[in-house]
Amino acid sequence: MTTTIDVASIRRDFPILHTRVGGRPLVYLDNAATTQKPVAVLSALEKHYKESNANIHRGVHYLAERATDAYELARKTVAGFLNAARSEEIIFVRGTTEGINLIAQSYGFPFLGEGDEILLTTMEHHANIVPWQLVCERNGAKLRIIPVTDSGELDMEAFTALLSERTKIVSLAHASNALGTVNPVKAMVDKAHACGAIVLLDGAQAVGHFPVDVQDLDCDFYVFSGHKLFSTTGAGVVYGKYDRLQSMPPFQGGGDMINKVTFEKTTYKRPPGRFEAGTPNIGGAVALGAAIEYLGGLDRLALLEYEHDLLQYATGLLSEIEGLKIYGRASEKVSLISFTLEGVHPHDIATVLDADGIAIRAGHHCTQPLHRHYGISATARASFAYYNTREEAEKLTASLKKIKLLFG
Ligand SMILES: *Cc1c(COP(=O)(O)O)cnc(C)c1O
């Protein structure tokens with residue numbers, strides 16, 4: 001094993017990992033649904049509310065300035081994390097879902113029309129399907145779907161064939177929450193741009209696993225949720241190229257996004273302010289900044305290597321279980337495994353595992369079209385983070401073998 005990180009020490013940073021479930025140590029393998037939070041994030045949140053809490057941008061008093069500075073510093077931290085060209089390209093939203101809705105409404109509604117096409121993939125999360133259907137219903141645009149292969153990779157020939165001058169936007173997951181597949185997004189951005197289409201990447205499952213550079217990818221938009229990046233719920237990010245954002249109308253109207261309001265006409269702030277109506281999740285943004293700082297203190301390439309090793313190890317163990325089928329065998333994957341076990345419903349798997357203290361997820365993982373593609377309605381999914389261990393993968397395997405005996 002090539003562990004170059006100290007997992008025992010990392011685990012001490014995450015208090016919840018020491019929970020006991022019915023007397024057994026918790027084995028948390030539901031990281032694709034949400035990640036756990038290190039003390040650094042929890043204390044940043046507490047410190048913010050104890051020492052800096054005020055509303056931002058409008059006040060001139062001491063606390064208002066502290067809160068505004070902290071919020072804007074978090075924006076800079078996120079910009080650095082994604083290697084955005086400038087911090088004005090970072091918009092704080094609730095999460096990936098709200099981020100995609102923002103782009104669908106502020107870009108899709110005004111710029112897409114009858115006959116225009118939106119390219120998605122079979123493996124998209126519902127959050128990257130439904131907002132575009134709303135655009136289609138309203139504007140007469142059409143969805144076209146890039147199919148997946150049996151191994152759970154995108155069919156790149158089909159992608160090339162689907163691209164045309166009608167394609168206005170290509171919107172896809174950087175990494176799939178159901179298959180783990182890491183898509184070849186850089187090459188896809190190049191091809192889409194060559195056709196005049198713009199590209200939105202759903203980074204919800206990417207940012208927590210590997211470094212992302214939006215300038216290198218050259219994507220037009222990138223979105224992610226803080227809670228899948230070891231921070232709190234309720235704060236996420238939209239990155240957009242500045243000129244693109246500058247051309248877009250507001251998403252929601254309200255306070256803090258305007259220059260001047262009269263009953264006849266209102267003018268809007270420049271990005272990012274234009275897209276942040278009302279009081280944002282200030283504490284959530286501060287916590288997200290702290291989560292990024294925390295990650296910055298670790299060797300991210302070593303974490304990636306560790307997770308890759310863990311994925312290989314767990315895949316090997318699970319593959320030995322008779323009747324267990326893994327969905328998602330892409331050559332490049334983030335550390336999650338979706339599977340079915342012959343004769344046992346995924347919900348029963350999750351329920352029995354829970355009795356052993358093991359947390360996984362069962363269901364369609366908000367990817368019903370993908371499950372339909374494979375002719376199944378549900379899978380069980382074990383999703384790992386860098387704080388998980390080989391021992392935990394072994395416990396999962398042992399419990400699954402027990403289930404096999406119980407139900408088989
Ligand atoms: C979790 C997830 C989403 C939705 O994120 P929210 O935080 O629920 O808004 C979208 N896409 C992918 C790939 C996800 O994993």
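Numbers here are sequence positions counted from 1. All values below were derived from every heavy atom in this structure, side-chain atoms included, with hydrogens, water molecules and symmetry-related copies excluded. Just so you know, these numbers come straight off a predicted model, no measurement behind them.
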Practice task
Please determine if Arg144 and Glu117 form a salt bridge, counting it only when a charged side-chain N lies under 4.0 Å from a carboxylate O.
Solution key: yes
Problem - Heavy-atom side-chain contact between Gln36 and Phe230 under 4.5 Å - result: no
Problem - Residue pair Thr351 / His347, side-chain donor-acceptor N/O under 3.5 Å - result: no
Handout entry: Qualifying ring-ring contact (aromatic ring centres under 6.0 Å, His included) pairs with a residue from residues 174-196, counting only residues at least two apart or across chains
Key = His174-Phe210, His174-Tyr222
Exercise for the section: Could you check if a side-chain atom of Met257 sits within less than 4.5 angstrom of a side-chain atom of Pro250, using non-hydrogen atoms only? Expected result: yes
Handout entry: Closest heavy-atom pair and its distance - Leu336, Ser176
Key = CD2-O, 3.8 Å
Problem - Within 6.0 angstrom of Lys269 NZ, more than 12 heavy atoms from elsewhere - result: yes
Practice task
Check whether the side chains of Thr96 and Ser225 place a donor and an acceptor atom closer than 3.5 Å, and report yes or no.
Solution key: yes
Handout entry: Side chains of Val78 and Leu288 in contact at under 4.5 Å (non-hydrogen atoms)
Key = yes
Completion exercise
Separation between NZ (Lys37) and OG (Ser43), nearest 0.5 Å, reads 14.5 Å
Handout entry: Inter-residue atom distance Asn183.CG - Met156.CE, 0.5 Å rounding
Key = 8.0 Å
Handout entry: Any donor-acceptor N/O pair, Ser338 side chain to Ala178 backbone, under 3.5 Å
Key = yes
Exercise for the section: Could you tell me whether a side-chain N or O of Asp116 sits under 3.5 Å from a main-chain N or O of Thr167, the two making a donor and an acceptor? Expected result: no
Handout entry: Spatial distance of atom CG (Asp356) from atom CG (Leu400) [nearest 0.5 Å]
Key = 9.5 Å
Exercise for the section: Dump the intermediate steps for side-chain contact (heavy atoms from CB on, under 4.5 Å) on Tyr327 and Tyr374, then the final yes or no. Expected result: CA-CA 9 Å; Tyr327 290 84; Tyr374 286 116; 3.9 Å; yes
Exercise for the section: Not counting sequence neighbours, list each pair that qualifies as a ring-ring contact (aromatic ring centres under 6.0 Å, His included) and has a residue in residues 112-169. Expected result: His126-His364
Practice task
Look at the side chain of Asp13 and the backbone N and O of Pro38, then say whether any donor-acceptor pair between them is shorter than 3.5 Å.
Solution key: no
Handout entry: Donor + acceptor pair across side chains of Asp220, Tyr107 (<3.5 Å)
Key = no
Problem - Proximity of Phe275 and Phe251 rings by center, below 6.0 Å - result: no
Problem - Test item: His308 and Glu332 side chains (from C-beta on) under 4.5 Å apart, heavy atoms - result: no
Exercise for the section: Would you indicate whether the side-chain heavy atoms of Leu143 and Gln133 approach each other to under 4.5 Å? Expected result: yes
Handout entry: Side chains of Asn55 and Thr279, donor plus acceptor under 3.5 Å
Key = yes
Handout entry: Side-chain touch Tyr313/Phe384, heavy atoms, less than 4.5 angstrom
Key = no
Exercise for the section: Measure the CD1-CD1 distance between Ile103 and Ile169 for me, rounded to the nearest 0.5 Å. Expected result: 7.0 Å
Exercise for the section: With side-chain contact (heavy atoms from CB on, under 4.5 Å) as the test, would you mind laying out the steps for Arg381 and Asn177 before giving the verdict? Expected result: CA-CA 9 Å; Arg381 180 186 69 191; Asn177 68 308; 3.7 Å; yes
Handout entry: Tyr71 ring center near Phe92 ring center (under 6.0 Å)
Key = yes
Handout entry: Any His373 side-chain heavy atom under 4.5 Å of Val148 side chain
Key = yes
Problem - Asp216 with Lys186: basic N within carboxylate O range, under 4.0 Å - result: yes
Problem - Main-chain N/O of Gly296 paired to Tyr294 side chain as donor or acceptor, under 3.5 Å - result: no
Practice task
Run the salt-bridge test on Arg86 and Glu89 with the 4.0 Å N-O cut-off and return the result as yes or no.
Solution key: no
Problem - Pair Arg329, Ser151: side-chain N/O donor-acceptor within cut-off below 3.5 Å - result: no
Exercise for the section: Could you tell me whether the side chain of Ser399 and the main chain of Leu396 form a donor-acceptor pair under 3.5 Å? Expected result: no
Problem - Note: Asp218-Lys241 ion pair, threshold 4.0 Å (strictly below) - result: yes
Problem - Exercise: identify the closest heavy-atom pair between Thr232 and Val41 - result: CG2-CG1, 4.4 Å
Problem - Residues Glu392, Arg11; criterion salt bridge (charged side-chain N to carboxylate O under 4.0 Å, His left out); working and verdict - result: CA-CA 13 Å; Glu392 290 180 315; Arg11 287 179 71 86; 3.3 Å; yes
Exercise for the section: Would you check, one step at a time, whether the test side-chain contact (heavy atoms from CB on, under 4.5 Å) holds for Val237 with Phe81? Expected result: CA-CA 11 Å; Val237 167; Phe81 177 68; over 6 Å; no
Practice task
Begin with the C-alpha distance, continue with both residues' side-chain angles, and end with the deciding distance and a verdict on side-chain contact (heavy atoms from CB on, under 4.5 Å) for Val352 and Phe407.
Solution key: CA-CA 11 Å; Val352 180; Phe407 287 81; 4.1 Å; yes
Problem - Donor on one side chain, acceptor on other, Ser383 and Asn31, under 3.5 Å - result: no
Handout entry: Donor-acceptor side-chain pairing of Glu124 and Thr121 below 3.5 angstrom
Key = yes
Handout entry: Test: Glu276 and Arg75 ion pair at under 4.0 Å
Key = yes
Exercise for the section: Please report the shortest heavy-atom distance between Ala32 and Lys228, naming the atom on each side. Expected result: O-CE, 3.2 Å
Fill in the blank from the handout: Closest heavy-atom pair, Leu245 versus Gly240, reported as atoms and distance to 0.1 Å, is CD1-O, 3.3 Å
Handout entry: Minimum side-chain heavy-atom gap Pro25-Lys395 below 4.5 Å
Key = yes
Problem - Tyr387 side chain to Glu307 side chain, donor-acceptor N/O pair below 3.5 angstrom - result: no
Problem - Expected output: side-chain Thr34 to main-chain His227 donor-acceptor under 3.5 Å - result: yes
